[in-house]
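Notes follow the structure.
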Amino acid sequence: QALVIDTEILWHHGIDLYRYRNCALKRIFDSPLYYAYPNLVGPAIHDSGNSSIVGREGYLYEYGYWRYRDPRYLQVLSRTGRRLSAAFQQFTVSTLFDLDIENEYTPYTPESVNLNGVGYGILRLTDGDGSRNLLLDYGPNRSHGHPDKLNIDLWAFGNLQIPDPGTVWYEDPAYKKWFRTTFAHNTLSVDMQEQQACGAELLVFAPGDAHAMQRGRTDEAYSGVMMDRSLFMTRNCVADLFGAFSRMKRVYDLAWHPLGECIEKDLGDLKKFELPEPRYMGYCMLENMMSSENNGGTKLKYNNKGRIL
């Protein structure tokens, strides 16, 4: 908000920051759209939650559209009410009362994007059944980051399917016991320990119209372990190939946290299972654990808001 206020003030004094350095300021309007799910809600990565672009500050896209005329901004404005009130030292009434948004707005197809500055590879495939978003977190460690390198976040068929847990209030004991832990994320834990703060390398980012893939790796999360993850996505399927390599014997736990109710499972003979004590962060929150040895693979079906996966 402050950037737009200052830029508007300078605009009215003959200084155009909107086009400074090849329209660098436009990125503050573009980046939330690149990052968000099709419903314009952002993933809850690290110390954040699922926040909507269409909210208290959504009206700022009026100024983005006013100055850049990018039709993608209309998808935000079509869901944002126009304002008749003005606040002291803030903004005037809505600037777009003369704009027929419904006639000018044409829904656009979200595209895959590699946000290499923060390290989010987002694959997208779209058809009549909606858009699928598959995010791979390979970025460098940063303030408020979690130990979750090569974590994934999946949106498909109109709903969040495999989420990053995000965060809760820092004072809540569950923050350290669960939300910030490696095991709470959709990635690899080794020897029931937390990953080290690190980044990863994106080896492949290959978007497409019918299928797409990306691959990342790191040897910095755990000493002596190379983690290598390849993700393949079609309109109806995600294949996850996660390799972990070490010279010494290690314990590998690859966690997925799908949403919904498990309605069918082929797990072989299930037995009650207890973890050795002491249990470390993440593992200490598990209850009613069961284990199965099944060399033929495991099959599960989930019902998530009426969609069977």
Side-chain angles (χ1 to χ4, degrees), residues 30-46 50 72 75 107-139 146 148-166 184-188 199-218 226-244 252 254-260 262 264 297-309:
D30 291 345
S31 55
L33 297 176
Y34 290 142
Y35 181 61
Y37 301 129
N39 65 349
L40 300 182
V41 171
I45 304 296
H46 302 301
N50 296 115
R72 294 178 301 170
Q75 67 174 322
Y108 81 102
T109 301
E111 297 180 349
S112 299
V113 60
N114 178 17
L115 300 174
N116 52 17
V118 291
Y120 301 146
I122 306 175
L123 297 176
R124 292 188 171 102
L125 296 175
T126 303
D127 61 12
D129 206 11
S131 179
R132 296 92 170 137
N133 289 38
L134 178 59
L135 182 150
L136 174 67
D137 183 354
Y138 69 90
H146 290 179
D148 63 348
K149 210 48 56 190
L150 301 184
N151 176 54
I152 63 172
D153 181 283
L154 177 64
W155 168 287
F157 309 119
N159 285 294
L160 190 55
Q161 304 294 345
I162 303 176
D164 187 300
H185 295 78
N186 306 296
T187 188
L188 186 74
E201 178 185 12
L202 189 68
L203 300 176
V204 176
F205 185 77
D209 295 329
H211 49 79
M213 70 166 292
Q214 57 184 326
R215 177 188 175 195
R217 71 178 180 186
T218 182
M226 170 63 78
M227 295 165 41
D228 191 323
R229 188 170 211 167
S230 296
L231 298 163
F232 303 85
M233 183 170 66
T234 68
R235 291 188 173 95
N236 295 303
C237 177
V238 171
D240 181 12
L241 278 64
F242 203 126
Y252 297 127
L254 178 59
W256 276 39
H257 301 280
L259 298 178
C262 184
E264 184 178 328
T298 297
K299 294 181 181 179
L300 299 171
K301 280 188 179 180
Y302 279 83
N303 184 339
N304 186 13
K305 298 183 179 180
R307 186 81 189 207
I308 307 301
L309 301 173

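Residues: numbered from 1 along the sequence shown. Note that these values count all heavy atoms, side chains included, but never hydrogens, waters or copies made by symmetry.
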For the atom pair [atom1] ([X]) and [atom2] ([Y]), what is the distance rounded to the nearest 0.5 Å?
X: Leu125; Y: Cys237; atom1: CG; atom2: SG; value: 11.5 Å
X: Glu264; Y: Tyr302; atom1: CD; atom2: OH; value: 12.5 Å
X: Asp228; Y: Leu188; atom1: CG; atom2: CG; value: 11.5 Å
X: Leu123; Y: Glu111; atom1: CG; atom2: CD; value: 13.0 Å
X: Leu259; Y: Arg307; atom1: CG; atom2: CZ; value: 15.0 Å
X: Asn186; Y: Asp164; atom1: CG; atom2: CG; value: 7.5 Å

>> Walk me through whether Asp153 and Tyr120 qualify under side chain to side chain donor-acceptor pair (under 3.5 Å).
In response: CA-CA 10 Å; Asp153 181 283; Tyr120 301 146; over 6 Å; no
> Where do Phe205 and Asn116 land on the side-chain contact (heavy atoms from CB on, under 4.5 Å) test, with the steps shown first?
Replying inline: CA-CA 11 Å; Phe205 185 77; Asn116 52 17; over 6 Å; no
I need the minimum non-hydrogen distance between [X] and [Y], along with the two atoms involved.
X: Leu136; Y: Arg215; value: CD2-C, 4.5 Å
X: Pro165; Y: His185; value: CD-CD2, 3.6 Å
X: Leu150; Y: Phe242; value: CD1-CZ, 4.3 Å
X: Ala36; Y: Arg124; value: O-NH2, 3.0 Å
X: Tyr34; Y: Val113; value: O-CG1, 3.7 Å
X: Leu135; Y: Asp137; value: CD2-N, 3.8 Å

>> In terms of relative ring orientation, are Tyr37 and Trp155 parallel, tilted or perpendicular, with 30° and 60° separating the classes?
In response: parallel
>> Would you say that Val238 contacts Gln161 through its side chain, given a criterion of any heavy-atom pair below 4.5 Å between the two side chains?
In response: no
> Any side-chain heavy-atom pair from Gln214 and Asn114 closer than 4.5 angstrom?
Replying inline: no
> Going through the distances and angles, do Met227 and Leu254 end up as a side-chain contact (heavy atoms from CB on, under 4.5 Å)?
Replying inline: CA-CA 11 Å; Met227 295 165 41; Leu254 178 59; over 6 Å; no
> With Leu134, which of Asp240, Ile162, Leu154, Ile122 fulfils side-chain contact (heavy atoms from CB on, under 4.5 Å)?
Replying inline: Leu154
> Do Asp148 and His46 pass the side-chain contact (heavy atoms from CB on, under 4.5 Å) test, and can you show the C-alpha distance, the side-chain angles, and the key distance before you say yes or no?
Replying inline: CA-CA 9 Å; Asp148 63 348; His46 302 301; 3.2 Å; yes
>> With a sphere of 6.0 Å drawn around CD of Glu201, does it hold more than 12 non-hydrogen atoms of other residues, nucleotides or ligands?
In response: yes
> What residue among Asp127, Thr126, Thr234 forms side-chain hydrogen bond (donor to acceptor under 3.5 Å, both in side chains) with Arg132?
Replying inline: Asp127
>> Test side-chain contact (heavy atoms from CB on, under 4.5 Å) on Arg235 and Asp129; report intermediate values, then the result.
In response: CA-CA 9 Å; Arg235 291 188 173 95; Asp129 206 11; over 6 Å; no
